[in-house]
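Below is one structure, written out as structure tokens, with a few remarks after it.
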Protein chains: 2
Amino acid sequence: MSETRAWRTVLEHIESRLIEGALHPGDRLPGERALSAELGVGRSSVREALRVLEVLGLIRTQAGSGPNAGAIIIATPGGGMSALMRLQVAASGFPVADIVRTRLILESAVAGELAERLGREASEPIDLGAADRLLDAMDSPALSAAEFLALDAEFHLALAEASGNQVITATMAGLRSGIEGYALEGLAHLDDWRATSQRLRGEHRGIVAAIRAADASSARARTHDHISGYYAETSIHHH
Amino acid sequence: MSETRAWRTVLEHIESRLIEGALHPGDRLPGERALSAELGVGRSSVREALRVLEVLGLIRTQAGSGPNAGAIIIATPGGGMSALMRLQVAASGFPVADIVRTRLILESAVAGELAERLGREASEPIDLGAADRLLDAMDSPALSAAEFLALDAEFHLALAEASGNQVITATMAGLRSGIEGYALEGLAHLDDWRATSQRLRGEHRGIVAAIRAADASSARARTHDHISGYYAETSIHHH
DNA sequence: CGACCAGTGTGGTCTGACCACACGTGCTAG
DNA sequence: CTAGCACGTGTGGTCAGACCACACTGGTCG
């Protein structure tokens, strides 16, 4: 079975080893050639996976070892692989429907909680400044479709950050590339994406307004409709 | 220059282009072969750099393009390096409160959706077998606290898997170590963790029963109470 | 005019081949 | 016998070439 994304198999293999505690800091991985043979992928793919792990700080490579040991050293402990890393790695591989459904759940909850917190306690100040700035930036008529979507993704991320929930923020940041992927693909197939972006802008402001008005149920509903509506509209044109 | 780390030169090249604003979201990078020739490195090194950028969410690759366009799409704007910084920050663990709040949101939604799907359509069979088996396994009186909590974590994960949502499953799997961490710490401080585990078992069965009864609101509420209740009980003993 | 079908170029992968370096071994010089 | 050094071996780092599946293009044929 020719798996596209062969390097993912390597990544998942090492990742599972890490999670199940089979690898401890200081341990050495099998050599690149050994991993290649063991997993049935080319050394190129192994190297791409190792490069990712190295940039993520989970691994350290050192050249020219003796014949006794392998070649690579694990730098972080087994429980260290954060959710964000795993998501980031797998993001582009998730089914679009699952990404959308998760966004619906998480973002609706975030919007509702922001509204509730803003209405309940004035002690904890909620900073919607970043969201406001992105809202204004999206009004620029000179934006390309891709640039608009990048700002759109940042806007949704800004709301998550405003909630202060690091897990949700990290999750959405991890999903971002996957989100922008299907969003861009969908928008490109629309006849006039400017009309759609106009509607999206309005919905964005509606969400923020509902949050500011401390109307939790409205914030939840608007967020839900915003995401599901866009997804429904663009997926029509996918075929 | 240093001939080792050729892929870094590619990374730095694209990175600087990103920072100086020469690349906007939606732009396409030259093809891998073109980059290879332009920078004087092999295509392997170019691919390793692109893989890193992809995992960092700065780039998206798509196969098989026509001759008009390049090959890769920039996904993030000039603030590019923030993605890497976010990664590093998140590598260290999340606040327990954030993990719990996210669990409340995600697992309640999962339980509700399972109940709805089970009631609505019999076409898509929902497999609760894994959850049932874990439920039975948790009844064993010979379990240690740690073993019980491991089964508990697997049970909650099994529900997510039953929903079929890969994103949620991956997220919860990523949070698992953090979950078991605070759970074990909390349970260890209880005088008689067996009494607590007895209650948890009952709540588990109540959740599954609600799902089987296609009672979505009950499934949601029971899940919410189960998680928040446990967290509230154990956090009392944290100080 | 529309449907179809080769041509072309892309990313994705594998293989084989070098290089520089680190290590172990074992020989040699003292 | 010991200290020192040269050599062989295996590693990661890199490159070049080849193939595949796919997407897009542009022409041809109905």
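Please read these numbers as outputs of a predicted model, since none were measured by experiment. Naming convention: chains lettered A, B, ... in sequence-line order (proteins, then strands); numbering from 1 in each chain.
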Measure the distance from [atom1] on [X] to [atom2] on [N] and round it to the nearest whole Å.
{"X": "B:Arg5", "N": "D:dC15", "atom1": "CZ", "atom2": "C1'", "value": "17 Å"}
{"X": "A:Arg60", "N": "D:dG12", "atom1": "CZ", "atom2": "P", "value": "13 Å"}
{"X": "A:Arg28", "N": "D:dG10", "atom1": "CZ", "atom2": "P", "value": "16 Å"}
{"X": "B:Arg33", "N": "C:dT10", "atom1": "CZ", "atom2": "P", "value": "7 Å"}
{"X": "A:Leu35", "N": "D:dG10", "atom1": "CG", "atom2": "P", "value": "18 Å"}
{"X": "B:Glu32", "N": "D:dG17", "atom1": "CD", "atom2": "P", "value": "16 Å"}

For [X], enumerate each residue passing the side chain to side chain contact (heavy atoms under 4.5 Å, CB included) test, keeping only those at least two apart in sequence or located in another chain.
{"X": "A:Arg199", "answer": "A:Thr196, A:Glu203, A:Glu233"}
{"X": "B:Ala109", "answer": "A:Ile105"}
{"X": "B:Ser163", "answer": "B:Val110, B:Leu114, B:Asn165"}
{"X": "B:Arg51", "answer": "A:Trp7, A:Glu48, A:Val52, B:Arg47, B:Glu54, B:Thr61"}

Checklist entry - Nearest of D:dG13, C:dT13, D:dT14 to any side-chain atom of B:Trp7? => result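 The nucleotide sitting nearest to the side chain is D:dT14.
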Checklist entry - Would you call the rings of A:His156 and A:His204 parallel, tilted or perpendicular, where under 30° means parallel and over 60° means perpendicular? => result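 Ring orientation of A:His156 relative to A:His204: perpendicular.
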Checklist entry - What residue pairs, at least two apart or across chains, pass salt bridge (Lys or Arg N to Asp or Glu O under 4.0 Å) with a residue in residues 106-115 of chain B? => result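 Pairs touching residues 106-115 of chain B that pass the test: A:Arg101-B:Glu113, B:Arg103-B:Glu107, B:Glu113-B:Arg117.
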Next on the checklist: Just N and O in the side chain of A:Thr61: are any of them under 4.0 Å from OP1 or OP2 of D:dG13?
Outcome noted: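 Checking D:dG13 against A:Thr61, a side-chain N or O does come within under 4.0 Å of OP1 or OP2.
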Next on the checklist: Over all strands shown, is A:Arg51 touching base, sugar-phosphate only, or nothing at heavy-atom distances under 4.0 angstrom?
Outcome noted: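 Sugar-phosphate contact only - A:Arg51 comes under 4.0 Å of backbone atoms but never of a base.
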Next on the checklist: Counting only heavy atoms and a strict 4.0 angstrom limit, can you tell me which residues of residues 40-49 of chain A come near DNA chain D?
Outcome noted: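 Close to the strand are A:Arg43, A:Arg47.
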